[in-house]
S.K.: 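The structure that follows is given in the form of structure tokens.
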Amino acid sequence: MTTKESGTDDPDAPNLEKLTENLEHVEALSKRLVDALSHKRQLPASLQGPNQELFAKAATAYVQEMMQNPAKIVEHQIDYWKQTVTHYVEAQQTLAKGKLEAPEDHTPRDRRFKNPLWETHPYFNFLKQQYMMNAAAVDQAIADIDGLDATERKRVEYFTRQIVDLFAPTNFLATNPDALERAVETDGQSLVDGLENLVSDIEANHGEVQVNLADKSAFTVGKNIATTPGEVIFRNRLFELIQYTPTTDDVHQTPLILFPPWINKFYILDLKEQNSLIKWVVDQGFTLFVVSWVNPDASYRDTALDDYIEEGYLTAIREVQEICGVKKVNVVGYCIAGTTLSLTMALLKKRGEDPIKSATLFTTLTDFSDQGEVGVFLDDDFVDGIEEQVGKDGYLSSFFMSRTFSYLRSNDLIYQPAIKSYMMGEAPPAFDLLYWNGDGTNLPAKMAVQYLRGLCQDDRFAQGGFEICGETVTLGDVKTPICAIACETDHIAPWNNSYRGVQQMGSTDKTFIMSQSGHIAGIVNPPSKNKYGHYLNDDLSLDAPAWREGATFHEGSWWPRWGKWLSGRSGKKVKARQPGDSTHPALSPAPGTYVTATPSD
């Protein structure tokens, strides 16, 4: 920038001509924004937030508490007023002394406020301190409400926290020092770029604001992610069956089938060579088959869990038995696929069939009596809305699943990415995990409602029996040897809930491993990184807290321990099997066609 352009001798002064030019660009982008918002899909009101009755009940309970115990309420109000007024007086006194600095700050540390100006600048520090006081006052008010049951309290706490987080000063341009500094440094270009990012995201998501978390141009499935060699050797309307090319001369006789969740795509287990569980399993000398589920559209409206079991699990097992010439297989189920695998094993027991030698469950819930953090979205107000929406569309759009899971970690997956993209004008990062996270899948209408009503809400697999494929099955019907891996900080399938389900299974051979970290990082935990350890305790008669108290911590990944467990149930070594056979020719190279297909609405 030259002094001529800026109209001043100060080389650090803003380029006003460039700033004006950028602001003119905003007008054109604003027209695109209005057009994009005009195409916003119409959604049931129940999917936009909890039923108003929830907060009405909380407000009524608060008023009742105020009437019955006014001293407590007044005490809290006075304490809040005192903090607020004292903070205001201290800030004014500091300024009156001619000091452009903030008063003493006793509010807790929060990583949203990393910029030093939040601590040193009187304006930003005043906003930050007052926000933290307001948030603490709201939390205290909710905690003091009596007259709510545990579920209602949990929902009020969660949705109130969403409102508090939404109004953080970091989420607004005028009160975000990082964004303001960036705007000045770039002569407003960051704001133009941010608006471009916002408009592009809204245009790509049918009028909805859904921040793009990763640079989608940086990755191509089958090219630089999901690259472990293999072949699709079977395909039906629900899945492609991939057999991976062996990397060892000999393999275990019993093959392994991995069933990933159909809520997301299987390549989370094959992002890149360094952290690919799929490649690691093949390198350990196992014949590995992986199911790649179809991404359904409206034509799958009437596809149920029964179909996923009959046309998915049982068909895959039969095909692998035929290809490998074996009577039994080992299986793995991840998340919802582990839940459905458990239903499949119970069904097979009822039918008197025994094709599964052992089963491994990754982050699997089978007892839903405690629904964890996801439970705030599982009351009738939300599920009724989902049922209404899928009745119209024929499927549950990946948009709803992505939004729900993002709001469970809203500061990390919504607000912070939005600040970087829309206020700072930054391009999304080239991050494979976030790319996968944004590559969502739809769920068939009937299956989605069956899962939400029968399993999540009514908990019928653990309580009374779940009807599937003409049989009523319970957790006690699962007799197969089980190895379950849960994750310590999993917010989708909490480890203690997973543990409780395994306890109720009828198998006499059960191993439970708790990995450090969460739903993804705890599973995608290669030994080479030596990042997260795991816990073991052989006594599964204990309740979850006692099991955790008595568990032994082991450094490093659980993968080698599981590999040893699996080897002991996989038979002798035989000559490595190449993908397919005479009746199962290669249909396409891994990762197949279903994983990249875009369903038509």
S.K.: Going from OG1 on Thr245 to CG on Leu288, what distance comes out if it is rounded to the nearest 0.5 angstrom?
M.R.: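 The distance works out to 11.0 Å.
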S.K.: Starting at CG of Leu347, measure out to CD1 of Ile468 and round the result to the nearest 0.5 Å.
M.R.: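 These two atoms lie 7.5 Å from each other.
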S.K.: Taking ring-ring contact (aromatic ring centres under 6.0 Å, His included) as the definition, give me every residue that meets it alongside Tyr308, ordered by chain and number, with sequence neighbours left out.
M.R.: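 For Tyr308 the ring-ring contact (aromatic ring centres under 6.0 Å, His included) partners, ignoring immediate neighbours, are Trp262, Trp293.
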S.K.: Assess the pair Phe466 and Phe461: is the distance between their ring centroids shorter than 6.0 Å?
M.R.: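 When the ring centroids of Phe466 and Phe461 are compared, they turn out to be at least 6.0 Å apart.
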S.K.: Over all heavy atoms of both residues, which pair between Pro591 and Gly222 is shortest? Give the atoms and the distance, please.
M.R.: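 Reported closest heavy-atom pair: CD-CA, 3.7 Å.
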S.K.: Without placing hydrogens or testing angles, list every side-chain donor-acceptor pair under 3.5 Å for residues 353-361, not counting sequence neighbours.
M.R.:
from: Asp354; atom 1: OD2; to: Lys328; atom 2: NZ; distance (Å): 2.8
from: Ser358; atom 1: OG; to: Asn330; atom 2: OD1; distance (Å): 2.7
from: Thr360; atom 1: OG1; to: Trp562; atom 2: NE1; distance (Å): 2.8

S.K.: State the NE2-SG distance between His519 and Cys335, to the nearest 0.5 angstrom.
M.R.: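 It comes to 3.5 Å.
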S.K.: I want to check a possible cation-pi pair here: Arg301 against Tyr395, using under 6.0 Å from ring centre and within 45° of the ring axis as the test.
M.R.: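 Relative to the ring axis of Tyr395, which defines the angle, Arg301 lies outside at least one limit.
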S.K.: Going from CZ on Arg161 to OG on Ser410, what distance comes out if it is rounded to the nearest 0.5 angstrom?
M.R.: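 It is 9.0 Å, given to the nearest 0.5 Å.
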S.K.: Is it the case that more than 12 heavy atoms not belonging to Glu273 sit under 6.0 Å from its CD atom?
M.R.: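 No - once you tally the heavy atoms of other residues, nucleotides and ligands closer than 6.0 Å, there are 12 at most.
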S.K.: Distance check, rounded to the nearest 0.5 Å: Leu566 atom CG versus Arg561 atom CZ?
M.R.: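 Answer for the CG-CZ pair, Leu566 versus Arg561, is 14.5 Å.
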S.K.: Kindly give the heavy-atom pair with the smallest separation between Ile257 and Ala316, and that separation in Å.
M.R.: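 Scanning both residues completely, I find the closest heavy atoms to be CD1-O, 3.9 Å.
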S.K.: Might you point out which heavy atoms bring Thr227 and Lys223 nearest each other, and give the distance in Å?
M.R.: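 Scanning both residues completely, I find the closest heavy atoms to be CG2-O, 3.4 Å.
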S.K.: According to ring-ring contact (aromatic ring centres under 6.0 Å, His included), who are the partners of Tyr499, at least two apart in sequence or on a separate chain?
M.R.: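 ring-ring contact (aromatic ring centres under 6.0 Å, His included) list for Tyr499, sorted by chain: Phe512, Trp547.
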S.K.: For Ala590 and Thr228, which heavy atoms make the closest approach, and how far apart are they?
M.R.: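 Between these two residues, the closest heavy atoms are CB-O, 3.8 Å.
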S.K.: Testing Arg237, Glu311, Lys446, Gln450 one by one against Thr303 for a side-chain hydrogen bond (donor to acceptor under 3.5 Å, both in side chains), which residue passes?
M.R.: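 The residue from Arg237, Glu311, Lys446, Gln450 that satisfies side-chain hydrogen bond (donor to acceptor under 3.5 Å, both in side chains) with Thr303 turns out to be Arg237.
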S.K.: NZ of Lys573: more than 12 outside heavy atoms within 6.0 angstrom?
M.R.: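 Check passes, neighbour count above 12.
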S.K.: Surrounding CG of Asp509 (heavy atoms of other residues, nucleotides or ligands, distance under 6.0 Å), is the total greater than 12?
M.R.: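 Yes, the 6.0 Å shell around CG holds more than 12 heavy atoms from other groups.
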S.K.: Which pairs of donor and acceptor atoms, one on a side chain in residues 473-480, lie under 3.5 Å apart (sequence neighbours left out)?
M.R.:
from: Thr474; atom 1: OG1; to: Gly476; atom 2: N; distance (Å): 3.4
from: Thr474; atom 1: OG1; to: Asp477; atom 2: OD2; distance (Å): 3.4
from: Asp477; atom 1: OD2; to: Thr474; atom 2: N; distance (Å): 2.9
from: Lys479; atom 1: NZ; to: Gly476; atom 2: O; distance (Å): 3.3

S.K.: Show me, pair by pair, the donor-acceptor contacts under 3.5 angstrom made by side chains of residues 275-282, not counting sequence neighbours?
M.R.:
from: Asn275; atom 1: OD1; to: Lys272; atom 2: N; distance (Å): 3.3
from: Ser276; atom 1: OG; to: Leu269; atom 2: O; distance (Å): 3.3
from: Ser276; atom 1: OG; to: Asp270; atom 2: OD1; distance (Å): 2.7
from: Ser276; atom 1: OG; to: Ile278; atom 2: N; distance (Å): 3.4
from: Ser276; atom 1: OG; to: Lys279; atom 2: N; distance (Å): 2.9
from: Lys279; atom 1: NZ; to: Asp283; atom 2: OD2; distance (Å): 2.7

S.K.: Could you pull out all residues at least two apart from His252 that satisfy ring-ring contact (aromatic ring centres under 6.0 Å, His included)?
M.R.: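 Only Phe286 meet the ring-ring contact (aromatic ring centres under 6.0 Å, His included) criterion with His252.
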S.K.: Nearest heavy-atom pair of Gly571 and Thr254: which atoms, and what distance?
M.R.: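 Closest approach of Gly571 to Thr254: N-OG1, 4.1 Å.
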S.K.: Parallel, tilted or perpendicular, judged at 30° and 60°: which one describes the rings of Phe362 and Tyr334?
M.R.: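 Phe362 vs Tyr334 ring planes: perpendicular.
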S.K.: Quick one: closest heavy-atom pair of Arg569 and Pro481, and the distance?
M.R.: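 Here Arg569 and Pro481 meet closest at NE-CB, 4.4 Å.
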S.K.: Is the closest side-chain heavy-atom distance between His554 and Tyr535 below 4.5 Å?
M.R.: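 Side-chain contact under 4.5 Å: no.
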S.K.: Only one of Thr552, Ile513, Asn525 passes side chain to side chain contact (heavy atoms under 4.5 Å, CB included) with His534; say which it is.
M.R.: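 Testing His534 for a side chain to side chain contact (heavy atoms under 4.5 Å, CB included) against Thr552, Ile513, Asn525 leaves exactly one candidate, Ile513.
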S.K.: Kindly say whether the aromatic ring centers of Phe234 and Phe239 come within a distance under 6.0 Å.
M.R.: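 Aromatic pair counts; centres sit under 6.0 Å.
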S.K.: Can we say Glu488 and Arg548 salt-bridge, meaning some charged N sits less than 4.0 Å from an Asp/Glu carboxylate O?
M.R.: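 A salt bridge links Glu488 with Arg548.
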S.K.: Walk me through it: do Arg577 and Val251 pass the test side chain to side chain contact (heavy atoms under 4.5 Å, CB included)?
M.R.: CA-CA 8 Å; Arg577 307 173 175 107; Val251 294; 4.1 Å; yes
S.K.: Using 4.0 Å as the upper bound for N to carboxylate O, is an ion pair formed by Asp367 and Arg500?
M.R.: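 Between Asp367 and Arg500 there is a salt bridge, with a charged N closer than 4.0 Å to a carboxylate O.
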S.K.: Please say whether more than 12 non-hydrogen atoms of neighbouring residues, nucleotides or ligands are located less than 6.0 Å from CG in Asp539.
M.R.: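 Enclosed: over 12 neighbouring heavy atoms sit under 6.0 Å from CG of Asp539.
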S.K.: For the pair Glu240 and Arg235, find out whether any cationic side-chain nitrogen is under 4.0 Å from an anionic carboxylate oxygen.
M.R.: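 A salt bridge links Glu240 with Arg235.
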